[in-house]
Protein chains: 2
Amino acid sequence: MRRRGSSKGRALDLIRSQGPISRVELAEITGLTQATISNLVRELLADGVVSETGRGESSGGKPRMRLEINPASRFGVGVDLGADSSTFVVADLAGTIIGRLGIDGPGALGPADYVRRMADDLAHLLDGLDIDRAAVVGLGIAAPGPIDREAGVIVGAPSLAAWSEFPLTAELSRLTGFSCVLDNDATAAALGEFWLGATEVGSTYASVYMGTGIGAGIVFDGTVYRGSRSNVGELGHVSVDARGPECPCGNRGCVELYAGPHAVIARAREAAASGGIDLEFTGVAAADFAAVAEAAITGHPLALALIEDSAEYLAEAIVSLVNIIDLDHLVLAGSAFEKVGAIYVRTIQHIVGERALSRHLQHVSVRMSVNGTDAAALGAATMVLQEQLSPRSLQSVTLA
Amino acid sequence: MRRRGSSKGRALDLIRSQGPISRVELAEITGLTQATISNLVRELLADGVVSETGRGESSGGKPRMRLEINPASRFGVGVDLGADSSTFVVADLAGTIIGRLGIDGPGALGPADYVRRMADDLAHLLDGLDIDRAAVVGLGIAAPGPIDREAGVIVGAPSLAAWSEFPLTAELSRLTGFSCVLDNDATAAALGEFWLGATEVGSTYASVYMGTGIGAGIVFDGTVYRGSRSNVGELGHVSVDARGPECPCGNRGCVELYAGPHAVIARAREAAASGGIDLEFTGVAAADFAAVAEAAITGHPLALALIEDSAEYLAEAIVSLVNIIDLDHLVLAGSAFEKVGAIYVRTIQHIVGERALSRHLQHVSVRMSVNGTDAAALGAATMVLQEQLSPRSLQSVTLA
DNA sequence: GGCCTTTCTTCGGTGGCTAAATAAAGCAAT
DNA sequence: ATTGCTTTATTTAGCCACCGAAGAAAGGCC
């Protein structure tokens with residue numbers, strides 16, 4: 001039985017994530033022979049994506065050569081496309097962000113106009129960086145779902161309703177000249193987490209992504225799980241009260257109605273109206289939520305209660321997620337966790353540890369993403385890097 | 001990139017599920033060349049698991065040979081181990097049940113004694129069948145989770161609490177001489193559904209299994225998804241009211257408390273106590289639920305309301321499942337659906353069609369398992385057949 | 001019969017891997 | 001310095017599953 005993914009890609013993954021590493025270690029980890037590794041590494045060296053950087057300490061015989069990723073050999077561009085704002089990042093092969101640009105969301109702009117603006121902004125961003133344009137392998141787009149990944153269209157995001165007919169990847173590809181791929185923002189964040197080696201390979205984990213909506217990306221053994229149509233992990237529309245209020249999505253009692261930024265803001269507005277808290281609201285969800293979060297960590301008890309309440313509801317949905325897909329790790333990412341991530345981590349860890357069915361068998365670890373707010377954009381960038389350099393897939397493998 | 005699973009196994013899968021099929025068709029479906037298929041088929045013929053059964057209709061040239069599975073060449077034994085009752089089935093390679101035996105559950109018997117009884121009963125069952133003992137490839141055990149699949153132990157099933165330290169597969173293997181594997185009952189049911197060809201390969205689907213508990217088995221592209229520790233799909237402990245009553249599992253508002261057989265029985269008992277319905281209760285969950293179900297389909301409005309209520313709650317949990325893992329198909333299996341499956345199918349189809357987030361992108365089909373009540377036992381039998389004849393796995397594939 | 005079509009098999013050849021032999025690079029004892 | 005030992009890296013031959021092309025077999029049609 002063969003493994004999925006090319007061995008070359010796997011070797012590259014290891015060199016990237018396990019830092020300076022020798023051929024012998026690669027052979028041990030992969031189970032391939034030293035001969036095979038030697039050949040694969042030769043190709044990687046020829047491709048320029050890996051370099052030999054001195055020798056390791058001698059262990060009695062010939063010292064092993066240290067292999068390292070060559071960060072500047074390839075670059076990926078990622079964009080986190082959101083209603084309120086979008087973020088571009090340019091990442092090198094090591095996953096380091098070498099360029100970043102935040103722009104306003106589409107607002108009143110139609111998709112066609114906004115995409116033109118994106119292409120312009122990206123061109124400027126790249127012009128300002130001293131990198132070889134030919135080393136940029138592509139553009140990854142992270143967007144809130146539901147999406148049609150094959151078609152490259154955001155089909156059903158409530159916050160981007162006008163985009164449901166717009167050929168997003170096709171247009172961006174035409175305007176930028178890059179090959180473009182679209183994926184769910186939570187999925188992109190999860191992939192970025194794996195790419196940066198912060199999660200051990202071989203484990204099953206999910207990212208919980210909260211921007212203005214809530215999503216989950218699932219990574220199984222280094223491979224993104226996309227389900228039947230890439231619309232996996234709509235955690236925000238897991239119900240925490242099946243007989244609760246109706247959600248615009250059609251379901252009832254969706255956790256987003258209780259834990260999502262919009263819900264937190266709405267309650268904070270109520271509190272403000274009745275004088276319980278002193279906050280100004282801009283009408284931009286991300287900014288308003290940040291204001292509540294800021295109040296919470298600076299000790300305002302009411303704001304803190306709102307955030308803790310949100311964390312509890314989110315944790316309750318996560319318990320269902322864990323009971324359904326049996327996770328090892330959980331990683332929180334997205335702008336909503338920027339200030340108050342620690343509160344969410346603590347609450348979720350506590351509730352999952354108390355309520356998940358398999359809690360006696362295994363400990364589900366919960367922590368913040370190493371990539372913070374840029375997790376989705378960076379994940380989108382790594383997506384194109386991965387697709388180019390170490391393709392792997394569960395989806396494309398058909399049994400018959 | 002190679003596919004997972006041996007090509008030989010894939011060819012066998014196709015011959016089994018696609019009925020009489022020619023080499024040319026196999027080549028078309030698998031994408032392998034006719035030459036390769038010819039070689040694989042030769043091996044399968046030599047193994048005796050496949051036979052040539054006459055020629056197909058001529059299409060102008062040499063008529064194609066029809067290949068069929070040789071059902072009597074291998075057999076698998078499966079047992080659905082439950083608290084109230086257990087069921088053995090002996091299945092041939094075509095998935096036909098050629099022997100079946102229902103026995104009482106452990107009751108007051110300890111695991112060691114019950115396992116001895118199981119071994120005896122199985123021996124009798126096999127003695128009564130005219131099959132070559134050497135053609136039996138193994139024994140699959142389906143049990144309610146949580147389980148430790150590697151260790152072969154039922155670690156946390158509330159209804160089988162006494163078994164949490166008992167080396168189940170080791171003991172059964174010692175007593176029967178068969179190689180034993182343990183899996184979740186819902187997972188087994190899902191696998192059985194795939195094995196019998198009732199679900200097209202390449203699709204993502206889940207079985208919802210309701211015996212006395214509620215579980216879900218997830219099959220992705222012909223391969224069982226086992227998560228990190230095989231404790232995937234604990235649908236019964238998905239919450240439908242996060243602030244609802246406490247469940248013995250530690251969570252709150254688990255759907256099992258609303259939709260599970262125990263819940264239905266409890267409400268029926270209340271109704272009976274207040275004279276609303278005339279039913280006798282035995283104290284055995286399966287029988288009592290069957291009585292309520294019987295009343296429901298024979299037109300008793302209160303019983304019908306109870307069942308419909310259960311179906312609605314279950315459907316609400318399923319919406320969360322669908323939103324999380326993006327399914328194509330849903331299959332209902334397990335004893336609870338024996339009489340009232342149609343009601344559940346209708347209700348679930350309706351609610352999922354109305355509430356699932358991706359409902360505009362795809363239609364999630366809902367239907368009863370082709371294997372009915374024996375789905376888990378038959379699935380367990382197919383599990384060992386599959387492991388022997390067409391091994392495949394997501395879990396054992398490690399990236400590093 | 002001869003000819004065409006379609007099915008199935010045989011026969012080199014290739015890619016990705018392995019195992020085993022060999023080359024290279026260091027340390028240590030003499 | 002030379003010899004020996006250890007460990008690392010590369011080369012070599014060979015295996016295995018597969019492919020492509022050519023051939024053999026089995027039918028229909030003229």
Side-chain angles (χ1 to χ4, degrees), chain A residues 1-15 18 20-47 50-68 390-392 397-400, chain B residues 1-15 18 20-47 50-68 390-392 397-400:
Chain A
M1 157 148 175
R2 292 277 177 276
R3 295 154 194 278
R4 57 174 192 284
S6 70
S7 291
K8 191 170 159 184
R10 287 171 57 223
L12 182 59
D13 272 343
L14 286 166
I15 296 171
Q18 314 289 75
I21 189 172
S22 67
R23 289 174 177 78
V24 224
E25 290 170 285
L26 286 174
E28 279 166 14
I29 297 175
T30 58
L32 299 174
T33 59
Q34 293 185 15
T36 305
I37 291 293
S38 192
N39 288 326
L40 293 176
V41 168
R42 185 181 313 115
E43 288 179 45
L44 291 171
L45 288 168
D47 291 346
V50 161
S51 3
E52 287 188 326
T53 58
R55 29 181 64 82
E57 79 294 352
S58 167
S59 50
K62 171 175 175 175
R64 37 188 76 175
M65 295 300 288
R66 294 152 59 90
L67 298 167
E68 265 179 86
S390 48
R392 91 256 329 257
V397 177
T398 49
L399 182 79
Chain B
M1 157 149 176
R2 293 276 179 277
R3 293 153 194 279
R4 56 173 193 285
S6 69
S7 290
K8 192 170 159 184
R10 289 171 56 223
L12 183 60
D13 271 344
L14 286 166
I15 296 171
Q18 314 288 70
I21 189 173
S22 67
R23 289 174 178 78
V24 223
E25 289 169 287
L26 286 174
E28 279 166 14
I29 298 176
T30 58
L32 300 172
T33 58
Q34 293 185 16
T36 305
I37 290 293
S38 192
N39 290 325
L40 293 177
V41 167
R42 185 183 313 114
E43 288 178 45
L44 291 171
L45 288 168
D47 292 346
V50 160
S51 2
E52 287 188 326
T53 58
R55 30 182 63 82
E57 79 294 351
S58 166
S59 49
K62 171 174 174 175
R64 37 188 76 174
M65 295 299 289
R66 295 151 59 92
L67 299 167
E68 265 178 85
S390 47
R392 92 249 336 248
V397 177
T398 49
L399 183 79

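Every chain is numbered from 1, with letters handed out A, B, ... down the list of sequences. Side-chain atoms are counted along with the backbone in the values below, which use heavy atoms only and exclude waters and symmetry mates. In this text the structure is predicted, and so the values were computed from the model without any measurement.
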request  = Begin with the C-alpha distance, continue with both residues' side-chain angles, and end with the deciding distance and a verdict on side chain to side chain contact (heavy atoms under 4.5 Å, CB included) for A/Met65 and A/Val41.
outcome  = CA-CA 11 Å; A/Met65 295 300 288; A/Val41 168; over 6 Å; no
query = Is the phosphate of D/dG20, meaning OP1 or OP2, less than 4.0 Å from a side-chain N or O of B/Thr33?
reply = no
note = Between A/Leu14 and A/Leu26 the two heavy atoms that sit nearest each other are CB-CD2, 3.6 Å
key: CA sep, side-chain torsions, deciding dist, call: B/Leu67, B/Glu52, side chain to side chain contact (heavy atoms under 4.5 Å, CB included)   = CA-CA 5 Å; B/Leu67 299 167; B/Glu52 287 188 326; 3.6 Å; yes
task = Determine: side-chain N/O of A/Ser7 to OP1/OP2 of C/dG16, distance under 4.0 Å, yes or no.
result = no
task = Please state how far atom CD1 in B/Ile37 lies from atom P in C/dT10, giving the value in whole angstrom units.
result = 16 Å
ask   = Could you give the CD-to-C1' distance, from B/Gln34 to C/dT10, as a whole number of Å?
value = 14 Å
ask   = What is the distance from CG of B/Asn39 to P of D/dC19, rounded to the nearest Å?
value = 11 Å
key: Protein-nucleotide distance (B/Leu40, atom CG; D/dC18, atom C1'), rounded to Å   = 9 Å
query = After noting the C-alpha distance and the side-chain angles of A/Leu40 and A/Leu32, does the key distance pass the side chain to side chain contact (heavy atoms under 4.5 Å, CB included) rule?
reply = CA-CA 10 Å; A/Leu40 293 176; A/Leu32 299 174; 4.0 Å; yes
key: Spacing between A/Lys62 atom NZ and C/dA28 atom P, to the nearest angstrom   = 18 Å
Atom-to-atom span, CZ of B/Arg42 to C1' of C/dC8 - whole angstrom = 10 Å
Between C/dT6 (P) and B/Glu25 (CD): distance, integer Å = 15 Å
A/Arg23 CZ - D/dA9 P separation (whole Å) = 5 Å
query = Nearest to the side chain of A/Pro63 - C/dA20, C/dG26, C/dC17?
reply = C/dG26
message = Let's see if you can work this out: which of C/dT7, D/dC19, C/dC17 has an atom nearest to the side-chain heavy atoms of B/Val24?
response = C/dT7
message = Of the listed nucleotides (C/dT18, C/dT10, C/dT6), which one gets closest to any side-chain atom of B/Arg64?
response = C/dT6
